[in-house]
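Each ligand, and each atom within it, is numbered from 1 in the order the structure gives. All of these numbers come straight from a predicted model, not from anything done at the bench. Positions are given from 1, in the same order as the sequence printed here.
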Amino acid sequence: MQLSGKTAIITGSNSGIGLGIARELARAGADVVLNSFTDRDEDHALAREIAEETGVTARYIKADMSKGEECRALIEQAGRCDILVNNAGIQHVAPIDAFPTGKWDAIIAINLTSAFHTTAAALPMMRKAGWGRVVNIASAHGLTASPYKSAYIAAKHGIVGLSKTVALETAQEPITCNAICPGYVLTPLVESQIPDTMKEYDMDRETVIKEVMLKRQPSKEFATVEQMGGTCVFLCSDAAAQITGTTISVDGGWTAL
Ligand code: NAD
């Protein structure tokens with residue numbers, strides 16, 4: 001299998017895109033470490049499910065990505081890190097003059113600073129192993145902006161810049177660092193917003209999806225977590241060995257507008 005013998009750590013992977021990426025990396029043969037800030041039976045059950053489905057070793061390690069020391073401890077506790085996917089993220093929407101400072105701090109910490117800590121802790125392991133891939137999950141909002149999402153957009157633009165810097169610092173080593181920029185992805189979180197939006201706009205499901213949620217996504221289709229996982233597997237392949245310091249948009253044409 002393409003990634004057998006590699007260990008992948010995916011932050012924020014007990015749901016949505018992170019879980020989808022973990023599943024695809026496991027299907028490609030990588031051992032996976034799932035993570036979030038909770039420590040519930042169902043978190044560990046997800047790892048068991050992936051192990052049973054794919055035959056790889058899968059573990060769940062609790063670590064709060066808003067805390068620098070826990071970000072570093074996640075990597076140390078995993079013991080090995082060939083593939084690091086910085087995916088954990090939260091969102092808050094408010095005009096900047098009403099944006100709560102606590103929300104700003106949490107978004108910058110979880111969506112951006114965590115990647116600084118995990119990357120710093122993982123690079124020595126990658127260098128020791130002689131191979132490494134850092135994949136940062138940014139967003140179409142890492143390349144464009146929308147009103148009322150100041151912290152999220154600052155963090156996502158920041159992680160695109162961080163990806164370029166890490167790529168330059170590792171350019172002459174067998175290590176790459178890139179950012180995936182998803183458009184709107186159908187995750188359980190997004191799915192759960194559909195009924196309320198249907199009520200708010202008095203529209204049927206299809207119209208809400210096409211005219212409200214996917215207003216800026218020219219394909220008028222959600223991207224899927226499997227597509228994010230597949231892009232990640234591609235970035236870990238030999239074909240992508242010279243792809244570093246760049247962004248890959250998986251956004252149905254959003255950033256072409
Ligand atoms: P999600 O809410 O399903 O996933 C977020 C993950 O981060 C969850 O596993 C959650 O437990 C974890 N997390 C949150 N706070 C954490 C913390 N303090 N410590 C550790 N883990 C924490 O949402 P998602 O849509 O799957 O988002 C995943 C990533 O993809 C985020 O970075 C998000 O910004 C990005 N993204 C999502 C979309 C989309 O349309 N869904 C689009 C572009 C980018």
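With no hydrogens or angles considered, a side-chain donor-acceptor pair links S146 and R216 at under 3.5 Å. In summary, the side chains of T118 and N86 do present a donor paired with an acceptor at a separation below 3.5 Å, with no hydrogens or angles considered. Of the N and O atoms on the side chains of N178 and T246, not one donor lies less than 3.5 Å from an acceptor on the other residue. In this structure, a donor-acceptor pair under 3.5 Å is present between the side chains of D43 and T38.
Between A138 and ligand 1 there is a heavy-atom distance shorter than 4.0 Å. At a 4.0 Å cut-off, at least one heavy atom of K156 sits close enough to ligand 1 to count as contact. At least one heavy atom of N87 sits closer than 4.0 Å to an atom of ligand 1. Ligand 1 does not have A140 within reach: every non-hydrogen atom of the residue lies 4.0 Å or more from it. A63 counts as a contact of ligand 1, since one of its heavy atoms falls under 4.0 Å from the ligand.
With ligand atoms numbered from 1 in the order given, ligand 1 contributes 33 (C), 34 (O), 35 (C), 36 (N), 43 (C), 44 (C) to contacts under 4.0 Å with heavy atoms of Y152. Less than 4.0 angstrom separates some heavy atom of S139 from each of these atoms of ligand 1: 43 (C), 44 (C). Counting the atoms of ligand 1 from 1 in the order shown, those under 4.0 Å from a heavy atom of G183 are 38 (C), 40 (O), 42 (C), 43 (C). Near I90, with a cut-off below 4.0 Å to any heavy atom, the atoms of ligand 1 are 14 (C), 15 (N).
Side-chain rings of H92 and Y152 stay apart, their centers remaining 6.0 Å or farther from each other.
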